[in-house]
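Note sheet for the following structure.
Predicted model only: the values in this text are computed from it and were never measured.
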Amino acid sequence: MIINMNMYCTFKNASIGTKQAIADAGDGDVISFPKGTYHFFKDYSEKRIYHMTNTDSFIKPEKYFAILIENKNNITIDGNGSTFVIHGDICALALVRCKGITLKNFTVKYNSPTNFEMTVKSKSFNKIVYSIPENSHFYVKNNSITFFEQSPFTKKYYYEYKNNNECYCNVIHRGDEVFRTILSPIRTAVKIKRLSATEVECTYLLSPKFKIGDTVAMSRNKCRDSCGIFFWECADVLSENITVNYMHGFGWLSQMCENLIFNHIQFKPADSYKTSSFADCIHICGCKGYAKIDNCLFTHPHDDGINIHGAFLRVKNVIDENTVELEFVHNQQGGYKAFFEGDSVLFYDISNLKQIAGQYTVNSSVDNIDEKTVTVSFNEKLPNLKAKEFVCENVSYNPKVTISNSIFNAIPTRGILCTTDKSSQIFNNQFSNLKMPDIYISCDCKEWYESGPCKDLKIYNNKFSQKNPVVLEPLCKGTPVDNVHENIQIYDNIYDIIIE
């Protein structure tokens with residue numbers, strides 16, 4: 001059955017009607033949005049306590065969703081070329097415990113993106129005039145700029161972000177040249193004057209070294225309170241022909257999912273903006289089956305293009321010969337079930353990433369979400385483990401990865417991060433204007449605790465634009481063993497570089 005959204009909602013406010021259409025949809029139904037521009041508001045969004053990895057979820061566990069699909073099978077969302085405009089600092093779209101979902105033919109756009117952009121319009125020795133996009137509202141008070149978005153219904157603010165205190169990871173967009181900077185349009189200003197709804201003048205003792213035309217993008221780094229698009233414990237999801245102009249809070253996050261396809265996805269900023277995502281574009285954590293990314297465009301995010309990894313959990317306590325208590329270590333990890341009955345687990349020495357002999361099968365697991373721990377019992381007798389000295393990885397939730405025929409351009413960090421032990425390929429991609437490695441292969445039990453070793457990876461027929469495009473850098477407390485990564489083949493690539 002085709003569910004025509006014209007029967008459920010208007011363009012001006014699609015929030016309540018979309019919620020009802022999703023509730024009415026059954027197995028095999030298509031929710032069809034006739035082409036147009038649909039507006040979704042935080043006032044009418046769904047609210048849940050859901051934890052999202054790589055965000056500050058334990059600081060802000062309560063999440064808001066413009067479109068939320070839970071516990072549905074074989075549903076299609078067809079935008080027919082529509083644009084979904086998101087009002088507020090919320091997640092645009094989420095799938096939770098769904099199977100066989102298709103998302104296609106729409107654009108995700110935020111009415112007022114939460115990366116705040118200031119473009120240098122004119123400058124002198126001690127003054128710079130900046131232009132600000134029309135929908136990025138702000139006020140000047142006490143020598144500081146506060147950005148905000150206001151509800152058209154209650155007139156209350158969806159958010160207020162004071163630049164001085166909450167934005168410290170800035171990115172300069174100079175055409176397709178993008179790079180991180182410690183410079184800020186605001187921090188060293190001795191006087192700030194609002195000239196109009198879209199212009200501000202900052203006076204300095206000495207103007208920051210920006211060029212006319214530079215756009216400085218600032219994100220609220222102190223708290224990633226959400227992500228822009230969210231898949232959790234879903235299987236067999238196809239996303240195709242989707243344009244993402246922006247995502248709030250983090251990026252397009254998939255955690256503990258199975259079989260994901262991203263086809264013809266474009267991450268590119270909306271007109272008058274320079275930033276396509278608060279942080280990463282596609283981020284995949286703890287997924288299994290396959291992750292296929294094909295014919296996609298990644299341009300002008302605030303962080304990485306693609307990041308695919310698992311999670312290292314550290315041994316906190318040894319309970320008995322078959323049971324350990326494990327903990328998520330990084331402050332932006334945890335809050336989700338990471339082990340299921342029958343999963344296979346490997347252990348590693350935290351000092352050198354040496355794999356401990358044997359593979360261990362999960363018999364049962366008990367999660368303590370608030371404490372970020374899980375007690376896991378295994379079928380087999382465990383090796384001699386010590387608290388804080390070993391980590392483990394759920395290798396059942398490592399996917400086969402294919403990244404192909406895609407473009408990575410104007411990225412201030414890395415194009416692709418990929419760590420999985422399953423057979424994977426990265427081919428026929430083009431990389432340009434990246435400030436860090438085009439492809440970065442880590443395995444980290446020191447900082448982010450993003451696992452794990454690559455054991456079968458082919459990188460071929462790509463076009464690189466820097467001298468060292470592929471970097472292998474395992475991270476641990478000491479010196480990693482030589483064979484952390486194995487069977488990585490890099491061949492038949494083109495290196496389009498200028499040798500000075």
Side-chain angles (χ1 to χ4, degrees), residues 49-54 57-58 61 97 232-233 255-258 285-289 309-399 419-422 442-453 455 474-481 483-484 486:
I49 294 178
Y50 283 161
H51 287 294
M52 302 169 175
T53 190
N54 287 73
S57 200
F58 284 88
R97 300 185 180 98
W232 182 22
E233 291 187 8
Q255 66 183 28
M256 305 307 289
C257 293
E258 179 179 7
C285 175
C287 292
K288 67 178 182 178
H309 63 87
F312 276 135
L313 277 77
R314 188 170 63 189
V315 174
K316 185 176 183 179
N317 290 303
V318 177
I319 309 299
D320 57 41
E321 63 181 16
N322 293 89
T323 309
V324 288
E325 182 185 26
L326 305 170
E327 61 182 345
F328 289 97
V329 182
H330 193 275
N331 65 292
Q332 290 183 339
Q333 283 185 332
Y336 61 88
K337 187 172 183 63
F339 300 92
F340 298 88
E341 183 180 352
D343 287 349
S344 297
V345 172
L346 298 178
F347 286 89
Y348 301 86
D349 189 321
I350 203 169
S351 68
N352 57 13
L353 276 171
K354 180 180 179 180
Q355 182 182 323
I356 307 306
Q359 187 163 286
Y360 301 87
T361 308
V362 175
N363 178 272
S364 64
S365 64
V366 178
D367 296 275
N368 187 329
I369 297 299
D370 291 338
E371 295 297 322
K372 298 175 59 174
T373 63
V374 53
T375 300
V376 182
S377 292
F378 295 92
N379 294 338
E380 302 82 7
K381 181 180 178 180
L382 293 170
N384 184 24
L385 302 173
K386 295 181 180 180
K388 310 292 185 181
E389 295 184 15
F390 294 88
V391 293
C392 74
E393 176 187 26
N394 184 350
V395 293
S396 292
Y397 277 80
N398 279 340
T419 51
T420 176
D421 63 355
K422 302 300 189 295
S442 182
C443 186
D444 177 357
C445 63
K446 180 181 180 182
E447 296 173 357
W448 279 92
Y449 284 79
E450 294 179 353
S451 63
K455 299 299 183 182
L475 298 173
C476 58
K477 298 298 183 182
T479 301
V481 294
N483 62 338
V484 172
E486 297 177 329

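- Shortest non-hydrogen contact noted between Val395 and Val345 is CG2-N, 4.4 Å.
- Between Pro480 and Pro474, the shortest heavy-atom contact is CG-O, 3.9 Å.
- Between Phe378 and Thr323, every side-chain heavy-atom pair lies at or beyond the 4.5 Å cut-off.
- Closest non-hydrogen pair, Thr420 versus Pro399, comes out as OG1-O, 2.8 Å.
- Under the side-chain hydrogen bond (donor to acceptor under 3.5 Å, both in side chains) criterion, Ser57 pairs with His51, Lys63, sequence neighbours left out.
- A donor-acceptor pair is defined here as one N or O able to donate and one able to accept, closer than 3.5 Å; such a pair exists between the side chain of Gln255 and the backbone of Thr53.
- Between atom CZ of residue Phe312 and atom CD of residue Gln333 there is a gap of 10.5 Å, rounded to the nearest 0.5 Å.
- The shortest non-hydrogen separation linking Tyr397 to Gly286 is CD2-O, 3.1 Å.
- Sequence neighbours left out, the pairs with a member in residues 313-334 that pass ring pair (Phe, Tyr, Trp, His ring centres under 6.0 Å) are Phe328-Tyr336, His330-Trp448.
- Atoms OG and CG, on Ser365 and Leu326 in that order, are 10.0 Å from each other to the nearest 0.5 Å.
- Evaluation of the side-chain hydrogen bond (donor to acceptor under 3.5 Å, both in side chains) rule for Asn384 yields no partner, not counting sequence neighbours.
- A search for salt bridge (charged side-chain N to carboxylate O under 4.0 Å, His left out) contacts involving Lys455 returns Glu486, not counting sequence neighbours.
- By the side-chain hydrogen bond (donor to acceptor under 3.5 Å, both in side chains) test, Asp444 is found to be paired with no residue, residues two or more places apart in sequence or in another chain being considered.
- Using a 4.5 Å cut-off on side-chain heavy atoms (C-beta onward), Val376 and Tyr360 make no contact.
- Taking CE from Met256 and SG from Cys287, the interatomic distance works out to 7.5 Å, rounded to the nearest 0.5 Å.
- No side-chain heavy atom of Lys386 sits less than 4.5 Å from a side-chain heavy atom of Val315.
- In this structure, the separation between SG on Cys285 and CG on Asn54 is 6.0 Å, given to the nearest 0.5 Å.
- Atom CG of Leu382 and atom CD of Glu321 lie 8.5 Å apart (nearest 0.5 Å).
- Among residue pairs with one or both ends in residues 367-376, those qualifying as side-chain hydrogen bond (donor to acceptor under 3.5 Å, both in side chains) are Lys337-Asp367; sequence neighbours excluded.
- Partners of Phe390 according to the ring pair (Phe, Tyr, Trp, His ring centres under 6.0 Å) rule, which considers only residues two or more places apart in sequence or in another chain, do not exist here.
- The shortest non-hydrogen separation linking Phe58 to Ile369 is CE2-O, 3.3 Å.
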Mind listing the side-chain donor-acceptor pairs of residues 348-358 below 3.5 Å, one per line with the distance, residues two or more places apart or on another chain?
| from | atom 1 | to | atom 2 | distance (Å) |
| --- | --- | --- | --- | --- |
| Tyr348 | OH | Glu393 | OE1 | 3.4 |
| Asp349 | OD1 | Ser351 | N | 2.8 |
| Asp349 | OD1 | Ser351 | OG | 2.7 |
| Asn352 | OD1 | Lys354 | N | 3.0 |

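- For Ser396, the side-chain contact (heavy atoms from CB on, under 4.5 Å) partners at least two apart in sequence or on another chain are Asp343, Ser344, Asn394.
- Note that CD of Glu327 and NZ of Lys316 are 5.5 Å apart. Values are rounded to the nearest 0.5 Å.
- Taking Asn379 as the reference, Thr361, Asn363 meet the side-chain contact (heavy atoms from CB on, under 4.5 Å) condition, with sequence neighbours excluded.
- Every salt bridge (charged side-chain N to carboxylate O under 4.0 Å, His left out) that Glu233 has, sequence neighbours left out, goes to Arg97.
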